[in-house]
Q: 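Take a look at the following structure, please.
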Number of protein chains: 2
Amino acid sequence: MLDVRMLCLATLMGHEASGYDIKKELERGVSSGMIDASFGSIYPALARLADEGLITARAESGRGRGDKKIYAMTPEGRAYFLRTLAGPMPDEKYRSPFLFAMLFAADLPRDQVVRMIDAQIAVWEARLALADQTLPRDEAATGPRFVNGIAQTMLRAGLDFLRRHRAGLEAAAEASPQPASPAPQGARAREMTS
Amino acid sequence: MLDVRMLCLATLMGHEASGYDIKKELERGVSSGMIDASFGSIYPALARLADEGLITARAESGRGRGDKKIYAMTPEGRAYFLRTLAGPMPDEKYRSPFLFAMLFAADLPRDQVVRMIDAQIAVWEARLALADQTLPRDEAATGPRFVNGIAQTMLRAGLDFLRRHRAGLEAAAEASPQPASPAPQGARAREMTS
DNA sequence: AGATCCATGTAAGACGTTACATGATTTG
DNA sequence: CAAATCATGTAACGTCTTACATGGATCT
């Protein structure tokens with residue numbers, strides 16, 4: 001599980017929505033960055049879910065913009081969703097191009113490594129800001145608050161680490177200046193270890 | 001990038017290997033948990049990379065077990081790999097069934113939530129143990145050390161958070177006991193938590 | 001002797017993205 | 001009026017997994 005179907009159902013657990021709405025919530029919601037889905041997968045998924053009776057479709061037209069299909073959970077849908085959450089879940093997967101690239105930091109020019117770290121800091125800071133802003137003081141939303149909390153905690157730890165090591169690299173660069181750019185072959189960045 | 005091709009090249013950056021070897025290193029290596037690949041994608045990828053001249057194939061037979069194809073980087077392969085690392089990278093994606101499920105903690109029976117947290121603690125503890133053990137005191141391997149370091153830092157932060165909240169849930173359960181709903185199922189292992 | 005590991009590969013199918021096709025409405 | 005946003009859908013394509021097909025070697 002944890003496919004487009006579940007993503008759609010998850011959104012509809014909160015409130016009814018159209019395919020378009022769901023896409024937007026996945027982009028700028030609590031789970032943004034975690035998972036994403038495109039229209040090409042959302043629309044067929046919604047059609048199939050409606051077929052199976054897990055959600056209902058209601059057409060809304062005339063008002064403001066044109067035709068719009070609004071989907072809502074059925075009791076069977078809710079049951080199915082919660083049952084699936086209780087069932088076996090696939091392993092988590094953290095797919096990070098940044099960490100992958102950093103594995104080869106020693107083979108890359110130091111200034112490129114610094115640039116990558118800066119970029120990652122920016123990404124995580126943005127994610128942290130999103131988490132701060134996404135969840136107001138809604139006491140009832142324990143689930144989202146929990147997820148936001150753990151995300152913030154881990155992001156802050158990661159950012160700390162990055163900032164400390166970035167500073168270390170800068171210092172090392174001043175101690176032994178290294179010409180920038182593409183593959184001077186012998187050069188190795190060294191004092192990352194802390 | 002960050003597909004099977006890059007995964008194979010990444011492994012071969014370190015040392016020559018067969019398809020089988022690569023699979024195993026991806027399973028129990030630094031990047032395990034981050035990315036995985038199956039034989040069905042590795043073997044074709046290696047064949048294509050050899051076709052393109054980015055790696056060489058050498059057959060090794062007779063010794064011990066039967067036929068085995070050992071692949072090794074070419075200079076072009078190395079250049080291609082590093083060039084790709086320097087190029088544009090896709091966004092990171094953290095796909096966590098656990099966090100996804102926790103978004104709906106309020107809709108799930110409390111003991112199921114506790115069980116999920118315990119399971120996640122076990123997973124992260126295992127990952128942490130792997131990180132501790134994976135990297136010896138190899139001073140030269142700055143990249144892997146960096147990646148391991150940040151992984152440990154973030155995992156420890158996450159584990160802290162989970163343990164604190166698990167304790168909070170237990171306390172709440174004693175204050176207002178709530179029966180388990182869907183399937184009582186039986187006893188559950190509990191001693192993993194530390 | 002049977003299970004498990006080593007070792008390679010192919011084929012079918014799941015799942016998702018990008019690009020295409022279409023059209024109304026709002027905003028600058 | 002042009003551009004962006006709202007809104008839905010289909011088709012082609014890519015990528016990866018699962019299952020299949022095969023066979024030798026090692027361990028119990």
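Computed over heavy atoms, backbone and side chain alike; hydrogens, waters and symmetry mates excluded. The chains referred to below are lettered A, B, ... by the order of the sequence lines, with proteins before strands, and numbering in each begins at 1.
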Q: Find out whether the Lys NZ or Arg CZ of Lys68(B) is both under 6.0 angstrom from the six-membered ring centre of Tyr20(B) and within 45° of the ring's axis.
A: no
Q: Separation of Arg5(A) atom CZ from dA14(C) atom P, in whole Å?
A: 13 Å
Q: Does dT17(D) have OP1 or OP2 under 4.0 Å away from a side-chain N or O of Ser38(B)?
A: yes
Q: Given atom CZ of Arg28(A) and atom C1' of dT5(D), what is their separation to the nearest angstrom?
A: 10 Å
Q: Is the phosphate of dG9(D) approached by Lys69(A) (side-chain N or O, under 4.0 Å from OP1 or OP2)?
A: yes
Q: Side chain of Ser41(B): nearest nucleotide among dC16(D), dT8(D), dA7(D)?
A: dC16(D)
Q: Can you name the ring pair (Phe, Tyr, Trp, His ring centres under 6.0 Å) partners of Phe98(A), sequence neighbours left out?
A: none
Q: I need the CG-P distance between Leu46(A) and dG9(D), as an integer number of Å.
A: 9 Å
Q: Does any pair with a residue in residues 81-102 of chain B pass salt bridge (Lys or Arg N to Asp or Glu O under 4.0 Å), and if so which ones, sequence neighbours excluded?
A: Arg127(A)-Glu92(B)
Q: If you check the Asp3(A) side chain, which of dG9(C), dG16(C), dA7(C) turns out closest?
A: dG16(C)
Q: Between atom CG in Asp21(B) and atom C1' in dC6(C), what is the gap in whole Å?
A: 10 Å
Q: Mapping Asp36(A) and Lys24(B) to their closest nucleotides on DNA chain C, which lands nearer the 5' end?
A: Lys24(B)
Q: Could you tell me whether Gly40(B) contacts a base, only the sugar-phosphate backbone, or nothing, with contacts defined as non-hydrogen atoms closer than 4.0 Å?
A: base
Q: Distance check needed: dT18(C) P versus Tyr43(A) OH, whole Å only.
A: 16 Å
Q: Let me know the distance between CZ of Phe39(B) and C1' of dA11(C), rounded to the nearest Å.
A: 17 Å
Q: Starting from P on dA7(C), measure out to CD1 on Ile42(B) and report it in whole angstrom.
A: 13 Å
Q: Does the distance from a Lys or Arg side-chain N to an Asp or Glu carboxylate O, for Arg115(A) and Asp111(A), drop under 4.0 Å?
A: yes
Q: Indicate, with a heavy-atom threshold strictly under 4.0 Å, whether Ala37(A) touches base, sugar-phosphate, or nothing.
A: sugar-phosphate
Q: Reckon Ser18(B) has a side-chain N or O less than 4.0 Å from the OP1 or OP2 of dA7(C)?
A: no
Q: Going by the angle between their ring planes, with limits at 30° and 60°, are Phe39(B) and Tyr43(B) parallel, tilted or perpendicular?
A: parallel
Q: Rounded to whole Å, please give me the gap between CD1 in Ile22(B) and C1' in dA7(C).
A: 13 Å
Q: Arg95(B) or Pro44(B): which one's nearest nucleotide on DNA chain C is closer to the 5' end?
A: Pro44(B)
